[in-house]
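Structure record follows, encoded as structure tokens.
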Amino acid sequence: MGSTRWLLLSSIAICVASVRAMSNAEKSLLRDEAKEMFFHAYNSYLNNAYPADELKPLSCSGRVRGVDASRGDVDDAMGNFAMTLIDSLDTLVVLGAIQEFSEAVKRVRFEVRLDSDVVVSVFETNIRVLGGLLSAHYFAATLKAQHEPLLSWYDNELLGMAKEIADRLLPAFETGTGIPYPRVNLRYGMVSSLLSTTSTCTACAGTMLLEFATLSRLTGDFTYEEKARKAMDAIWQRRSPHLLVGTTIDVHTGEWREQDSGVGAGIDSYYEYCLKAYVLLGDAEYLDRFNRHYEAVMNYGRRGNTLLDVHMYNPNNVAQSFVDSLGAFWPGLQVLAGEVPAAADLFSHMEHVVKRHKFMPEAYSVDGDGYWWHHFLRPEFAESAYFLHQATGSERYLEIGKTLLKNIQQHARVKCGFAAFSDVRTLAHDDRMDSFVLAETFKYLFLLFANKKDIPVELDDYVFTTEAHLLPLVVARNRSSVVNAHSVDYEIDGRCAAVHLKTENPVEVYSTLMTGELKQDMSSPRQALHATYNQCIHRQASTPIKLRLKPEELNAENPEHLQMLHDMGISIDLQGDGRVQFSHNSNNAKTPADSQEGIQFMQALIQLHDKIKSEQAEFVRVNILEPDNLKQVLIAGGARFGPNLTKDPPFMVTGPLKHSLPVNACSSLETDMTGRIALVQRGSCMFVEKVLHAEAAGAAGVIIYDTQKRGEGQQLISMTGNGSFVAIPSAFIWMEQASPLVDALTSGLVVVGKLETAAATEKDAVEQKPEETEEQLEQVPGDSPDDSTMNGAGSAVDNEPQENNSMYIQTENESGFDRDSGRTHSGNQGGNANP
Ligand code: DMJ
């Protein structure tokens, strides 16, 4: 991070001028306080819960699978293997507690078993247990090599255990794509009951390589690394043309089951491991993948200083109206990528949310309101504060960390540890202390306030895994021929000289970095890697070429414009059917710089095209009618399931409006909806489930309204399906728009929901006056309250295959992961599964 650090120091100095300098004494106190907090949690766990996987801090007892009430997928992290102890091991080293570390390693060595007859999450077991064991093994072996008497007994036992747990995960990788099943039985492998769950999250599949490669390189058995690479490749190969990935994928067919794309639950650490695989292993292809994903994520997801989920194939459309707290790790990753100003920018919005609620709600809206109000003392916000502080040296991040630390002390600390919150508004506690609180939250808080001399580990020689386990960069030396022989559809995109250099002769570059004896001090290779990826990524992402001509300004009759295109290597051909085709050929460009601009022009052109297409295809109109009078026109989001509303003539459905019961339509409706347009509340289950329930009750159409206000600049969402056939149309509206509908319900007005393709944009709708649409009203078939005609529906629905057959969303609990690794939600987390 060296070069970036100084660069940024100068650029943000002005905005931090008003933050007072924290004295060294205060910093030391906070560092010690963070350490004491860790030990309060750790000792509480040991004294009250061990050998259970987790501590219940309110009950002062352990949480044991099969004994405690099931919490659903979240319990899949627990394998009766003293998870909190294993996850805590390397934090003990970072805190300098070698005596405690030695005792804990002994406990793990002699008391922990990894072969319980229990089904676990492959992802969670990898990041918490395998990662924890590998890191602890490396520290134990290193301390022994340094003649630390407390570890003189150590004989690589944790490495043996790491191999054992990885072997127990391996059966999950026997799939059509190499993407692992989400769950495996530790003792019996892929028992038949697990084979039917074929959907897994992207992060679950793409967050294996750091741990598996480290294991391979420490043991010389490259099976693990190959498996993890294959799983990552399988995801990369299925990226969308926009360079985005979806949230869940089928392990056999490789079809995307859920096509929302963001940096939070379900995807987060896949992106993280693209960059960190490069940091750890030095393989430029992962850097290139990260670069490409990064640009796409920032390009499409950014709304002001937040990132929202978008559709991977239609990324101008926002897929979620809320921000997932797991995405708070992203600024930390941006720092590692050299994108410090952008990281600081995104972080500032998160800071605003944390200041407002004391703790970051599990999900929140763009305007900072909570969306899911619980909070599990997650590490991501502290993690980003730590990396930003490393990169900038700014006091600002120390102050933020201090506030966070004090809030945890004041509100989360209980007699037996630290309790999560079931609701940050009331600060009501939850009897839960996840192992990542010790592995990550307290580790990052300690590191934030620590000086280099306080940390007995040379951090520059390690990479932090997604669970903040430290893996040594030195493992990169031990390569196997399988690694170089390995190939995917990797192409150099010509944007970054450093990547070119490395890729043209990776072996040579690699040996330059890695020659010399195995050293404890790996700072030189680390710096070399830093120099490479910082320069490379920073340059390409922070200095985009300013286009002389934007696609939207192009006038094909303007000779200057045509000349510019020509210089950039772009030719225009008029096709026989009247379409215009643009092609770019670098060889035809005047200069390499012109060629680069040509590439960017083409990218901007594709984006413009997508945007126009999405504006035309995704909006739906909902007209509220009184007899003979159009009362109001609402523009709503469409659905990617159900009748094709883009057909000509437009499909529409008419009927009186009726509220569903239950209001969220997440179970069979209690009332007959025949011929009605069902008004349904958002939340608690998938959009498509609601619509299917309404359809089963006889509804002719569905309008789903949000329970949150629309954030500023927030786009309408378009609802995704799960592959089920849906016969009736549906639309999504914001909460603000729901009130005219609710008014109409209570006042007994005749309401006709008319759904049709809206070529107009939302702006048109606002400007549209009722009287201007009278003509349109006359086209509505029938206007009596009982008229439930589905105009043109029969044949349109019967004959029209679903447009998005390849688009799926997993059903709740299907894919076996919780929010940390995916996006399903167990009951006590109280979230919405999809909508
Ligand atoms: C941790 O287990 C890891 O950081 C993971 O990548 C995401 N979720 C939790 C912390 O919130």
Side-chain angles (χ1 to χ4, degrees), residues 76 120-131 134 162 165-184 189-190 194-195 197-217 221-240 244-258 261 266-278 280-281 283 285-290 293 312 465-467 471 480 482-483 485-490 810 815-817 820-822:
D76 290 342
V120 294
S121 153
V122 173
F123 165 85
E124 297 291 357
T125 307
N126 175 57
I127 66 168
R128 302 195 202 204
V129 180
L130 179 55
L134 286 170
I165 196 72
D167 287 339
R168 294 186 182 284
L169 300 183
L170 282 186
F173 288 76
E174 297 309 314
T175 61
T177 56
I179 292 172
Y181 283 100
R183 300 188 190 106
V184 69
M190 290 307 298
L194 296 175
L195 296 175
T197 301
T198 60
S199 169
T200 195
C201 75
T202 302
C204 305
T207 314
M208 313 297 294
L209 186 53
L210 296 192
E211 293 83 0
F212 272 44
T214 301
L215 179 62
S216 282
R217 288 160 189 241
D221 179 349
F222 280 82
T223 312
Y224 312 103
E225 181 167 341
E226 275 182 83
K227 300 269 186 208
R229 282 179 179 265
K230 196 171 168 206
M232 259 185 126
D233 294 349
I235 297 170
W236 170 246
Q237 283 158 353
R238 289 166 178 81
R239 67 197 180 277
S240 75
L244 295 171
V245 294
T247 308
T248 58
I249 193 165
D250 188 283
V251 299
H252 292 310
T253 65
E255 281 177 0
W256 290 107
R257 302 285 295 270
E258 192 175 2
S261 186
I267 301 180
D268 46 7
S269 44
Y270 160 67
Y271 290 140
E272 182 180 0
Y273 274 35
C274 285
L275 180 58
K276 289 183 175 176
Y278 173 67
L280 181 69
L281 306 174
D283 290 354
E285 63 188 75
Y286 292 112
L287 173 63
D288 185 55
R289 290 180 194 181
F290 176 80
H293 283 316
M312 65 181 284
T465 69
T466 194
E467 189 75 0
L471 296 181
S480 150
V482 298
V483 177
H486 175 85
S487 80
V488 288
D489 59 336
Y490 170 61
Q810 94 291 344
S815 46
F817 48 84
D820 292 339
S821 50

task: Might you point out which heavy atoms bring G178 and A231 nearest each other, and give the distance in Å?
output: O-CB, 3.5 Å
query: Can you tell me how far OG1 of T466 sits from CG of D268, rounded to the nearest 0.5 angstrom?
result: 6.0 Å
message: Could you tell me if the side chain of T200 sits less than 4.5 Å from the side chain of T248, heavy atoms only?
response: no
message: Given 3.5 Å as the limit, does a donor-acceptor pair link the side chain of W256 with the main chain of R238, or not?
response: yes
- request: Keeping the roles fixed (side chain from S121, backbone from R183), state whether a donor-acceptor pair exists under 3.5 Å.
  value: no
field: G206 versus Y273, closest heavy-atom pair with distance
entry: O-CB, 3.5 Å
message: Within the structure provided, determine whether K227 and E174 are in side-chain contact (heavy-atom separation under 4.5 Å).
response: yes
statement: So CG of L210 and CG of L281: to nearest 0.5 Å the spacing works out to 7.0 Å
- prompt: Could you give the distance from CG (L209) to OG (S269), rounded to the nearest 0.5 Å?
  reply: 12.0 Å
query: Which class fits the ring pair Y270 and H293: parallel under 30°, tilted 30 to 60°, perpendicular over 60°?
result: perpendicular
task: Show the numbers, then the answer: is there a side chain to side chain contact (heavy atoms under 4.5 Å, CB included) between L170 and Y224?
output: CA-CA 8 Å; L170 282 186; Y224 312 103; 3.8 Å; yes
message: When you measure from the side chain of S240 to the backbone of L244, do you find a donor-acceptor pair of N or O atoms at a distance under 3.5 Å?
response: yes
- prompt: To the nearest 0.5 Å, what is the distance between CZ (R229) and CH2 (W236)?
  reply: 15.0 Å
- line: With Y181 as partner, the option from V122, L194, T175 fulfilling side chain to side chain contact (heavy atoms under 4.5 Å, CB included) is T175
field: Under 3.5 Å donor-acceptor, D283 side chain and A277 backbone
entry: no
- prompt: If we only count heavy atoms from C-beta on, is the I249 to T177 side-chain gap below 4.5 Å?
  reply: no
statement: All heavy atoms of A166 vs all of L215, minimum pair found to be CB-CD2, 3.3 Å
field: Short side-chain to backbone donor-acceptor contact, T198 and V251, under 3.5 Å
entry: no
message: Taking the basic N atoms (NZ, or NE/NH1/NH2) and the acidic carboxylate oxygens, is any pair closer than 4.0 Å for E285 and R289?
response: yes
Close side-chain approach of R217 to E225, heavy-atom, < 4.5 Å: yes
- prompt: Would you say the side chain of T223 lies within less than 4.5 Å of the side chain of F212, judging by non-hydrogen atoms?
  reply: no
query: Between CZ of R128 and CD1 of I165, what distance do you get to the nearest 0.5 Å?
result: 13.5 Å
message: Is the shortest side-chain heavy-atom distance between T465 and L471 below 4.5 Å?
response: yes
field: Any side-chain heavy-atom pair of F173 and K230 under 4.5 Å
entry: no
field: Heavy-atom pair of closest approach, residues V184 and P171
entry: CG2-CB, 4.5 Å
- prompt: Are the side chains of M190 and L195 in touch, meaning some heavy atoms are under 4.5 Å apart?
  reply: yes
task: Could you tell me the separation between the CG atom of N126 and the CD atom of E211, rounded to the nearest 0.5 Å?
output: 4.0 Å
